[in-house]
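Each remark here refers to the structure printed beneath this line.
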Amino acid sequence: MALRDADTQKQVKHMMAFIEQEIMEYYEKKEKQIEQQKEIQMSNLMNQARLKILRARDDLITDLLNEAKQRLSKVVKDTPRYQVLLDGLVLQGLYQLLEHQMIVRCGKQDFPLVKAVVQKAIPMYKIATKNNVDVQIDQESYLPEDIAGGVEIYNGDHKIKVSNTPESRLDLIAQQMMPEVRGALFGANANRKF
């Protein structure tokens, strides 16, 4: 009988150890799940914070670009300065297209100024390219009034366009210099290795 009590006692201890082990595994599993949930929540919060920062930075850059676009109208009002700008924009547009027939579109208020600029640019273009060119100024369709100035130059059949307005140039510069702008405003990005 003592043997059976010893066997029973042994089995009870074995069952108790098994139950304790099961409980411990259950709690360890639950602890791991809770820890994972905490890590996921923390990661989500960090990502949300990063997104807020990125949105705020993008909003700041958008505001700066909008302010720069508003300042472009001041350049147009300074006629001598605008004349020099137009000289460069028209000649550069002609060089970019390198066509024998081109059409220049400008704002209605700029027509007399652009006419003089085109007349000055044609001989310079001919000398530089050693090609004849027919440049017409579009008198049927003008640039929208909300554009600060500049020109759009089309090839003869209007299939190719060079947009040389102050806004288009600002957009181009902003796109090309965005890394430098971000660096100047927000410092170097530690996550970028290039």
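Positions are given from 1 along the sequence. Just the heavy atoms: all of them, side chains too, but no hydrogens, waters or symmetry mates, feed the values below.
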Kindly indicate whether the side chain of Val133, heavy atoms from C-beta on, has any atom under 4.5 Å from the side chain of Met102.
yes

Side-chain heavy atoms of Ile61 within contact of Phe186, under 4.5 Å:
yes

Between the side chains of Gln92 and Arg169, does any donor sit under 3.5 Å from an acceptor?
yes

Taking only residues at least two apart or on different chains, which pairs with a member in residues 126-170 satisfy ring pair (Phe, Tyr, Trp, His ring centres under 6.0 Å)?
Tyr154-His158

Where the side chain of Ser43 meets the backbone of Glu39, is there a donor-acceptor pair that is under 3.5 Å apart?
no

Under a plain distance cut-off of 3.5 Å, with no hydrogens placed, do Asp157 and Asn155 share a side-chain donor-acceptor pair?
yes

In the structure I gave you, are the side-chain heavy atoms of Asn47 and Arg50 within less than 4.5 Å of one another anywhere?
yes

Ring pair (Phe, Tyr, Trp, His ring centres under 6.0 Å): pairs with one or both residues in residues 51-70, sequence neighbours excluded
none

Trace of the side-chain contact (heavy atoms from CB on, under 4.5 Å) decision for Leu172 with Gln176
CA-CA 6 Å; Leu172 181 67; Gln176 290 173 350; 3.7 Å; yes

With sequence neighbours left out, write down each residue that passes salt bridge (charged side-chain N to carboxylate O under 4.0 Å, His left out) with Arg71, or none if nothing qualifies.
Glu67

Could you go through residues 22-37 and list every donor-acceptor pair under 3.5 Å that involves a side-chain atom there, pairing it with any protein atom two or more places apart or in another chain?
from, atom 1, to, atom 2, distance (Å)
Glu25, OE2, Gln21, NE2, 3.1

Are the side chains of Asn164 and Gln96 in touch, meaning some heavy atoms are under 4.5 Å apart?
yes

Which donor-acceptor pairs under 3.5 Å do the side chains of residues 114-122 make with protein atoms, sequence neighbours left out?
from, atom 1, to, atom 2, distance (Å)
Lys120, NZ, Asp87, OD1, 3.4
Lys120, NZ, Asp87, OD2, 2.9

Pairs in or reaching into residues 76-120: which pass ring pair (Phe, Tyr, Trp, His ring centres under 6.0 Å), with residues at least two apart or in two chains?
Tyr95-Tyr125

How about Met124: does its CE atom have over 12 heavy atoms from other parts shown lying under 6.0 Å from it?
no

Does the side-chain contact (heavy atoms from CB on, under 4.5 Å) test come out yes or no for Thr165 and Val151, once each step is laid out?
CA-CA 5 Å; Thr165 63; Val151 293; over 6 Å; no

N-O pairing of Lys161 and Glu152 below 4.0 Å
yes

Closer than 4.0 angstrom, basic N to acidic O: yes or no for Asp58 and Arg182?
yes

Is it true that the side chains of Gln9 and Asp7 contain a donor and an acceptor less than 3.5 Å apart?
no

